[in-house]
Amino acid sequence: MPRAQIKDEKTYQKLRDEGESKEKAARIANASANRGKKSVGRKGGKNPSYDDWTKDELLGRAREIGIEGRSSMNKSELVKALRDH
């Protein structure tokens, strides 16, 4: 059933089938519907890899996006949580 907040249902479903979170799938599907898939695919790559960030930087980013349990995570767990968000 199509949802009003999802602009590209086919892309959304494909991302969900690949295991992406609902929030991330919706963000990508809506961005690709607005700007086109090629444009969205080229976007990004301006920040260094999470592996290059300090633990404090990772904690700050996790706080910004509301990752639960971040204070008890080690660096590798924070990286995984941020990538999976």
Inspect the surroundings of NZ in Lys80 and state if more than 12 heavy atoms from other residues, nucleotides or ligands are less than 6.0 Å away.
no

* Around Lys22, counting heavy atoms of other residues, nucleotides and ligands shown, do more than 12 lie under 6.0 Å from its NZ? ->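 Open.
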
Say you draw a straight line from [atom1] of [X] to [atom2] of [Y]; how long is it, rounded to the nearest 0.5 Å?
X: Met73; Y: Leu82; atom1: CE; atom2: CG; value: 8.5 Å
X: Ile65; Y: His85; atom1: CD1; atom2: NE2; value: 4.0 Å
X: Lys14; Y: Asp8; atom1: NZ; atom2: CG; value: 10.5 Å
X: Tyr12; Y: Asp17; atom1: OH; atom2: CG; value: 10.0 Å
X: Leu58; Y: Arg63; atom1: CG; atom2: CZ; value: 11.5 Å
X: Glu57; Y: Lys75; atom1: CD; atom2: NZ; value: 8.5 Å

Check this for me: does any side-chain nitrogen of one of Arg83 and Asp51 sit under 4.0 Å from a carboxylate oxygen of the other?
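Result for this pair is yes, salt bridge flagged.
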
Contacts of Glu68 that satisfy salt bridge (charged side-chain N to carboxylate O under 4.0 Å, His left out) - sequence neighbours left out
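Partners of Glu68 under the salt bridge (charged side-chain N to carboxylate O under 4.0 Å, His left out) test: none.
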
Quiz prompt | Results of salt bridge (charged side-chain N to carboxylate O under 4.0 Å, His left out) for Arg61 - residues two or more places apart only | solution =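 With sequence neighbours excluded, Arg61 shows a salt bridge (charged side-chain N to carboxylate O under 4.0 Å, His left out) to Glu64, given in chain and number order.
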
Treating [X] as the side-chain partner and [Y] as the backbone partner, does any N or O pair qualify as donor plus acceptor under 3.5 Å?
X: Arg16; Y: Glu20; value: yes
X: Gln13; Y: Lys10; value: no
X: Ser21; Y: Lys24; value: yes

Discussion item. Using every non-hydrogen atom in the two residues, find where Ala29 and Leu15 come nearest and quote the distance to one decimal.
Written reply: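 Distance-wise, the nearest heavy atoms are N-CD1, 4.4 Å.
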
*No-hydrogen, no-angle side-chain donor-acceptor test under 3.5 Å, Ser76 and Asn74*: yes

